[in-house]
2 protein chains.
Amino acid sequence: MAVSARRGTPLTLEEIYTTALRMVDEVGVEGLSMRKLAAELDVNPMSLYHHVDNKMALLTQICDTNVQRLDLPPDESLPWQERLRILARAYRRLTTDHPEMWRYVYAHPEITADREGGLWGVLFPILEAAGVPQGEQRRTADVLYGFVAGLVFAETAGHIGQGQDAEEADRTFEAAVDLIVRGLGG
Amino acid sequence: MAVSARRGTPLTLEEIYTTALRMVDEVGVEGLSMRKLAAELDVNPMSLYHHVDNKMALLTQICDTNVQRLDLPPDESLPWQERLRILARAYRRLTTDHPEMWRYVYAHPEITADREGGLWGVLFPILEAAGVPQGEQRRTADVLYGFVAGLVFAETAGHIGQGQDAEEADRTFEAAVDLIVRGLGG
DNA sequence: ACCTGAACACCGTTCAAGT
DNA sequence: ACCTGAACACCGTTCAAGT
């Protein structure tokens, strides 16, 4: 007895990540354990540690991969108002694919620290075009990130919009972006 | 052996809540366990269950008590812009007292569901005074809650403002509230 | 009424041993 | 190189027994 717990094939990183993300989608990060993941993969729990440092490294890896998927950048020729809207919508769309994973990302900012470079690289030119003074751009970027990420989080976590359908939620998000654009003077 | 593990005095709910909150402040919710809490109280872990249903009920109780502490309401004679600023600042001040506890509140909205009634009761008249149409007030309230709670969360969690001092963080928050007021047409 | 010890069903992770 | 079982140090919680 040794080979057949797993059906012939060897364990791959790909397979581990995919299965882990699926389980997070289904039962949340709280519901995922290394032991259950191993059971799902039909493997001894300890086999996982041959491919992954530990649970946190596994989760970080999964989150990183998804953060990288942000659609960038909106065409620079568009007015800044439109670019901001497109960016905000892209960010929100990203989070709706794997809401449970994103709840974890929000709760553990160290995971994505300095890895959302693409986002900031697009945001600053937009603020420049909106006429935000150089000295205020970092601050304004922080505020906008806090607003949009926070609103999306409040939405996925269920702080707001309880009992509303998807279209209503979309309208609320658009109203939010409108408010931001108006607040920036556009 | 029986009486002296605890020094004479009996366990009280007060004592349990206070000690638990202190431990959350120190090591976060993740670092709090029923067993460690019992050790801190010099008591058998199972004694806690005589006073508290389970860990989640304990945490919910602690959070509830603190949510209730929101300073309300700003004087109704002030202009709505000023009332909104005061409300936003009060909300932020509340979260800075026990940031680790608030990270938990944000991640578990079911805890405070329908318990922040005071906040909404003050917010709607402000929106009315700001000229937000009746049919849009619920939506606008959601957006504002998402913005402010989200920004504060981003701040306490460390998503934004990394390496900045308290004064700088205050200025960022004021800029955020300014943007909201402008966005509302004020 | 309040507290306790032993026990159950879980965790993440290490380590020495197997192929 | 890859996988495994046994073990360690933890969890939350139940239950029957103690005072």
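Naming convention: chains lettered A, B, ... in sequence-line order (proteins, then strands); numbering from 1 in each chain.
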Whole-Å distance separating the CG atom of B/L48 from the C1' atom of D/dT14 = 15 Å
Calculate the interatomic distance between B/Y49 atom OH and C/dC3 atom C1'; express it in whole Å.
-> 15 Å
Could you tell me the separation between the CD atom of A/E30 and the P atom of D/dG12, rounded to a whole number of Å?
-> 13 Å
Each residue besides A/L78 in its hydrophobic cluster should be listed here, by chain and number; the cluster joins Ile, Leu, Val, Met, Phe, Trp and Tyr at side-chain heavy-atom distances under 4.5 Å.
-> A/I86
Nearest whole angstrom, please: distance from the P of C/dA6 to the CG of B/N44.
-> 10 Å
Where at least one partner belongs to residues 175-186 of chain B, residue pairs that pass salt bridge (Lys or Arg N to Asp or Glu O under 4.0 Å), sequence neighbours excluded | B/R85-B/D178
From CG of B/D42 across to P of C/dC3 the rounded distance in Å is 12 Å
Sequence neighbours excluded, the answer for salt bridge (charged side-chain N to carboxylate O under 4.0 Å, His left out) partners of B/E14 is none
By salt bridge (charged side-chain N to carboxylate O under 4.0 Å, His left out), which residues pair with B/R171, not counting sequence neighbours?
-> B/E168
Is the shortest side-chain N/O distance from B/H51 to OP1 or OP2 of C/dC3 below 4.0 Å?
-> yes
Might you confirm whether atom CD of B/E174 has over 12 heavy atoms from other residues, nucleotides or ligands at distances under 6.0 Å?
-> yes
Quick one: list whatever passes ring pair (Phe, Tyr, Trp, His ring centres under 6.0 Å) with B/Y49, sequence neighbours left out.
-> none
Side-chain cluster (under 4.5 Å, hydrophobic types only) that B/V27 belongs to, other residues | none
Listed partners of A/R103 passing salt bridge (charged side-chain N to carboxylate O under 4.0 Å, His left out), at least two apart = none
To the nearest Å, give me how far apart CG (A/L11) and P (D/dA1) are.
-> 17 Å
Output a table of nitrogen or oxygen pairs between the protein and nucleotides 8-11 of chain C separated by less than 3.5 Å.
from   : atom 1 : to    : atom 2 : distance (Å)
C/dC11 : OP1    : A/S33 : OG     : 3.4

DNA chain C in dot-bracket, Watson-Crick or G-U pairs under 3.5 Å, [ ] crossing, | other strand?
-> ||.|||||...|||||.||
A/H50 atom NE2 is separated from C/dT19 atom C1', nearest whole Å, by 12 Å
Give a yes/no on whether any side-chain N or O of A/S47 is located under 4.0 angstrom from OP1 or OP2 of D/dC2.
-> no
Nearest-angstrom distance from the residue atom CG of B/L13 to C1' of C/dC2 | 13 Å
What distance separates A/N44 CG from A/R35 CZ, expressed to the nearest 0.5 Å?
-> 9.0 Å
